[in-house]
Amino acid sequence: MPLLYTIGKLTVGPAMRLAFRPVVEGLEHIPASGGAIFAGNHLSVADELLLGTVVPRHLAFWAKSEYFTGTGPKGALSKFVLTGLGAIPVERAGGRAALSAFDAAIPALRGGDLVAVYPEGTRSPDGRLYRGRTGTARLAVAAGVPVIPVGVLGTDKVQPIGTRIPRPGKAKIIIRFGKPLDFTGRSDDRTSLREMTDELMAEIQKLTGQEYVPRYAPRRAEPTSGGTPTAGSAPA
């Protein structure tokens, strides 16, 4: 586990659990060792922070590549923090550049690390669960690791879209982990990837009870400056 992540687990972690008191279900589904992908619904920036708080092992998140390449003191600090936390840079432009995230995630997973992704590709604009993108299934097949469905409820109330800081006490936070999905040996053709992705989204829906929308969630416009680094999604 990266040193900075360890420090956070010992300091920020207990403070987060005390402040937000998340209800956690299904911890027995988290493997004690070996690589795995955590794939969940995405309601808020707070999802990453709270998920990392309750998972006992190191959990690597995707982060926009520009947070690793910024200039000046702010850019240097951002790079230091994200590198120290073991984050995986991802290009939001798509194409070959975006696939570089796979190049970093696959050896990490094969080496026994955990990686968190959000199949919807962006935060839900209205609290519903949207169609998943196939990048998560593609990554699972390529790395040969299981996918653990994750359902999070209440984070959209403690940190709604557009707010910078999560607010304790605004809602009950529930984090549920489902049984691992084993896609080992499945084909990585387009039809198979879509089937696996739909299976995954169905499991996530069981954990959250969200209304399902059979289309991709609309992407929000990126802020021109400022803001807090947020996790990206695996390439579609």
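Within 6.0 Å of CZ in Arg21 there are 12 or fewer heavy atoms belonging to other residues, nucleotides or ligands. Taking a 6.0 Å sphere around NZ of Lys9, one finds it holds more than 12 heavy atoms contributed by other residues, nucleotides or ligands. Other residues, nucleotides and ligands contribute only 12 or fewer heavy atoms inside 6.0 Å of the CD1 atom of Ile165.
Side-chain atoms of Gln159 come within 3.5 Å of backbone N or O of Thr163 as a donor-acceptor pair. Judged by distance alone, the side chain of Arg176 and the main-chain N or O of Leu207 form a donor-acceptor pair under 3.5 Å. Between the Gln205 side chain and the Leu129 main chain, no donor and acceptor come within less than 3.5 Å of each other. Side-chain N or O atoms of Trp62 include none that pairs as donor or acceptor with a backbone N or O of Pro89 at under 3.5 Å. A donor-acceptor distance shorter than 3.5 angstrom exists from the side chain of Arg57 to the backbone of Gly34, with no hydrogens or angles considered.
Follow the hydrophobic side-chain contacts under 4.5 Å out from Leu43 and you never reach Ile174; the two are in separate clusters. Criterion: ILVMFWY side-chain heavy atoms under 4.5 Å apart, direct or through other members. Under it, Val141 and Leu139 are part of a common hydrophobic cluster. Following chains of ILVMFWY side-chain contacts shorter than 4.5 Å, one can reach Leu85 starting from Met1, so the two form part of one hydrophobic cluster. Under the 4.5 Å side-chain contact rule for hydrophobic residues, Tyr130 and Ile161 do not share a cluster. Leu153 is not connected to Phe20 by any chain of hydrophobic side-chain contacts under 4.5 Å among Ile, Leu, Val, Met, Phe, Trp and Tyr, and they are in different clusters.
With a 4.5 Å cut-off on side-chain heavy atoms, His42 and Thr122 do not count as touching. Within the 4.5 Å cutoff, the side chain of Pro146 has no heavy atoms near those of the Ile37 side chain. At a threshold of 4.5 Å between non-hydrogen side-chain atoms, the residues Lys157 and Arg167 do not count as touching. The shortest side-chain heavy-atom distance between Arg131 and Val213 does not fall under the 4.5 Å cut-off. Taking 4.5 Å as the limit, some side-chain heavy atom of Tyr118 sits within range of a side-chain heavy atom of Phe61. Using a 4.5 Å cut-off on side-chain heavy atoms (C-beta onward), Glu25 and Ile175 make no contact. Counting heavy atoms from C-beta outward, Val115 and Ile88 have side chains that approach closer than 4.5 Å. Using a 4.5 Å heavy-atom threshold, the side chains of Thr197 and Thr136 count as separate.
Taken to the nearest 0.5 Å, the CD1 atom of Ile7 stands 4.0 Å off from the CG atom of Leu3. Between Glu195 atom CD and Ser187 atom OG the span is 9.5 Å, to the nearest 0.5 Å. In this structure, NE2 on His58 lies 5.5 Å from CG on Asp113, to the nearest 0.5 angstrom. Rounding to the nearest 0.5 angstrom, the gap separating the CG atom in Leu49 from the OG atom in Ser44 is 9.5 Å.
The aromatic rings of Phe38 and Phe177 stand perpendicular to each other, their planes meeting at an angle above 60°, with 30° marking the opposite boundary.
What you find for Pro56 and Leu27 is that their closest heavy atoms are CD-CD2, 4.5 Å. Taking both residues in full, the closest heavy atoms of Ile106 and Ala142 are given as CD1-CB, 3.7 Å, listed atom of the first, atom of the second, then distance. Smallest separation of non-hydrogen atoms from Ile148 and Ala36: CD1-CB, 4.1 Å. In terms of heavy atoms, Ala171 sits closest to Gly154 at CB-O, 3.8 Å. The shortest non-hydrogen separation linking Lys179 to His29 is CG-CE1, 3.3 Å. When all heavy atoms are compared, the tightest approach of Gly35 to Leu114 is C-CD2, 4.3 Å.
The pair Glu199-Arg186 meets the salt-bridge criterion, since a charged nitrogen lies less than 4.0 angstrom from a carboxylate oxygen.
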Check step by step if side chain to side chain contact (heavy atoms under 4.5 Å, CB included) holds for Ser78 and Lys74. CA-CA 6 Å; Ser78 176; Lys74 185 176 179 180; 5.7 Å; no
Run the side chain to side chain contact (heavy atoms under 4.5 Å, CB included) test on Leu51 and Val150 for me, step by step, so that the C-alpha distance in whole Å, both residues' side-chain angles and the decisive distance to 0.1 Å come before the verdict. CA-CA 9 Å; Leu51 188 58; Val150 182; 4.0 Å; yes
Between Thr69 and Lys79, is a side chain to side chain contact (heavy atoms under 4.5 Å, CB included) present by the stated rule, with each step listed? CA-CA 7 Å; Thr69 58; Lys79 180 180 179 179; over 6 Å; no
List the steps and the verdict of side chain to side chain contact (heavy atoms under 4.5 Å, CB included) for Arg133 and Arg138. CA-CA 10 Å; Arg133 297 178 182 273; Arg138 185 184 295 114; over 6 Å; no
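Between the side chains of Thr155 and Asp47, at least one donor N or O lies within less than 3.5 Å of an accepting N or O. For Gln210 and Asn41, the side-chain atoms include at least one donor-acceptor pair closer than 3.5 Å.
Taking the centre and axis of the six-membered ring of Tyr212, the NZ or CZ atom of Arg128 falls outside the cone set by 45° and 6.0 Å.
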